[in-house]
Amino acid sequence: MTGLGVLLMATSVYGFGRYAERTERNARTVEAIMPIRLLASGETVDGSMLRRVRIAEAALAPDALRDEADIVGKSVVAPIGPNETFASWKLADRQLTAAEGERYVSFPTDDVTNIGNMLRRGDKVDVWVEFAAPVTLGGVPRGALKVIEGLSVASVRSAEGAEVEDAAAYDAPFQSAARQRERARASANGKPGMNTFIMKEPIYEAYALASLVGKVKLALPEPSSFVDGEAQVTSEFAAYRELFRGEEVALP
């Protein structure tokens with residue numbers, strides 16, 4: 001009985017120590033950065049959108065950014081609610097304005113083309129062309145070809161002209177980044193009617209040719225992991241285009 005009593009006492013002391021340690025940890029606070037309002041996908045963050053608050057240290061996500069220099073000037077790739085910290089995966093270094101030699105070009109679209117209405121301003125997409133009949137390239141029949149990699153989406157608007165944005169915006173800290181993005185992108189505030197891309201002339205020419213020879217399809221890589229850079233026409237589509245070299249084209 002004495003041994004059992006000692007064991008129970010030791011267990012109680014250990015449990016109380018762990019409880020006190022956890023309580024002390026939860027009571028400690030740290031400074032975090034949060035937005036002053038909901039930030040939608042595609043917005044560029046500036047200093048006026050930020051506020052500093054103190055939160056429990058245990059509530060600070062491991063990937064939360066705490067330096068304004070790591071936040072300001074970045075593009076939002078998933079909605080950030082006013083009570084969320086800035087998770088690193090929700091921001092990307094992307095430019096949504098046309099640079100020298102680039103132009104804004106718009107095309108009509110629908111839910112299917114926009115990947116089940118998952119496309120948003122600020123995304124980078126790959127452009128594919130799907131052929132009605134197989135095309136032989138390098139001795140291999142192909143049903144589709146990737147045309148462009150890394151095409152910047154400047155805007156996704158509904159038929160009424162409103163920007164299509166994510167409707168879900170709140171963080172679920174116990175879910176993975178991929179699951180949170182899936183949850184956010186599954187809900188939109190409208191249906192897409194027009195996509196506007198940022199294009200240089202060779203990119204537009206490739207897109208236009210693809211739309212003439214087949215059906216254009218858009219593919220969305222994981223937005224937060226996409227490496228920033230200029231859009232490029234793929235070598236495969238360039239090889240396909242060579243098949244037309246020397247053919248006479250009748251102009252209207």
Side-chain angles (χ1 to χ4, degrees), residues 39-46 65 69-79 86-109 113-115 118-131 135 137-138 142 144-157 163-166 177-178 181 185 192 194-245:
L39 301 183
S41 299
E43 287 196 75
T44 300
V45 183
D46 63 47
L65 298 174
D70 296 327
I71 300 173
V72 173
K74 299 291 182 66
S75 293
V76 178
V77 297
F86 284 84
S88 56
W89 67 270
K90 290 192 175 185
L91 298 174
D93 190 8
R94 294 180 184 167
Q95 178 178 312
L96 295 181
T97 55
E100 184 177 357
E102 295 179 328
R103 299 291 186 272
Y104 296 108
V105 185
S106 296
F107 301 90
T109 191
T113 302
N114 279 28
I115 319 159
M118 290 178 61
L119 197 63
R120 302 287 184 268
R121 175 180 57 189
D123 284 340
K124 291 264 193 174
V125 295
D126 295 335
V127 180
W128 287 72
V129 59
E130 185 179 279
F131 302 112
V135 172
L137 187 63
R142 306 292 295 272
L145 283 177
K146 185 187 288 187
V147 181
I148 301 165
E149 291 182 329
L151 182 61
S152 295
V153 181
S155 179
V156 179
R157 295 188 179 276
E163 188 72 30
V164 176
E165 299 175 339
D166 297 321
R181 179 179 299 286
R185 289 294 174 98
M194 179 178 64
N195 289 335
T196 300
F197 301 107
I198 298 175
M199 294 177 159
K200 289 188 174 180
E201 289 183 2
I203 301 299
Y204 173 67
E205 290 171 359
Y207 192 106
L209 177 58
S211 65
L212 292 173
V213 299
K215 186 174 183 179
V216 168
K217 292 291 187 72
L218 303 179
L220 180 66
E222 168 55 38
S224 62
S225 64
F226 202 96
V227 178
D228 197 36
E230 289 189 0
Q232 300 288 335
V233 177
T234 66
S235 58
E236 286 186 329
F237 191 73
Y240 169 77
R241 192 163 48 188
E242 286 296 310
L243 298 177
F244 297 95
R245 184 177 293 275

4.5 Å side-chain heavy-atom contact, [X] and [Y]:
X: Val127; Y: Leu218; result: yes
X: Arg241; Y: Val233; result: yes
X: Lys124; Y: Pro221; result: no

Closest contact, heavy atoms only, [X] versus [Y]:
X: Ala206; Y: Val147; value: O-CG1, 3.8 Å
X: Arg157; Y: Val164; value: C-CG2, 4.0 Å
X: Ile198; Y: Ala154; value: CG1-CB, 3.8 Å

task = Using modelled atom types only, decide if a donor and an acceptor are shared between the side chain of Asp126 and the backbone of Gly150 within a distance under 3.5 Å.
result =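 Side chain of Asp126 to backbone of Gly150: a pair is present.
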Main-chain N/O of Ala98 paired to Tyr104 side chain as donor or acceptor, under 3.5 Å =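 Pair found, side chain donor or acceptor close to backbone of Ala98.
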query = Which residues pass the ring-ring contact (aromatic ring centres under 6.0 Å, His included) test with Tyr240, sequence neighbours left out?
reply =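 Tyr240: ring-ring contact (aromatic ring centres under 6.0 Å, His included) contacts with Phe131, Phe237, Phe244.
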query = Tyr204: what forms a ring-ring contact (aromatic ring centres under 6.0 Å, His included) with it, not counting sequence neighbours?
reply =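 In terms of ring-ring contact (aromatic ring centres under 6.0 Å, His included), with neighbours along the sequence ignored, Tyr204 is linked to no residue.
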Roughly how far, to the nearest 0.5 Å, is the [atom2] atom of [Y] from the [atom1] atom of [X]?
X: Phe197; Y: Tyr207; atom1: CZ; atom2: OH; value: 4.5 Å
X: Leu65; Y: Asp70; atom1: CG; atom2: CG; value: 5.5 Å
X: Arg121; Y: Thr44; atom1: CZ; atom2: OG1; value: 8.0 Å
X: Lys200; Y: Glu205; atom1: NZ; atom2: CD; value: 13.0 Å
X: Ile148; Y: Met199; atom1: CD1; atom2: CE; value: 5.0 Å

key: Stepwise side-chain hydrogen bond (donor to acceptor under 3.5 Å, both in side chains) test for Thr234 and Glu149   = CA-CA 7 Å; Thr234 66; Glu149 291 182 329; over 6 Å; no
request  = Test Leu91 against Val76 for side-chain contact (heavy atoms from CB on, under 4.5 Å), laying out the working first.
outcome  = CA-CA 5 Å; Leu91 298 174; Val76 178; 4.1 Å; yes
Stepwise side-chain contact (heavy atoms from CB on, under 4.5 Å) check, Ser75 with Glu43 = CA-CA 6 Å; Ser75 293; Glu43 287 196 75; over 6 Å; no
query = Would you call Arg103-Glu201 a salt bridge at under 4.0 Å N-O?
reply = no
Under the side-chain contact (heavy atoms from CB on, under 4.5 Å) test, which residues partner [X], sequence neighbours left out?
X: Thr109; result: Thr113, Asn114, Pro192, Asn195
X: Lys217; result: Trp128, Glu130, Lys215
X: Ser211; result: Val216

Qualifying residues under salt bridge (charged side-chain N to carboxylate O under 4.0 Å, His left out), relative to Arg142, sequence neighbours excluded = Glu236
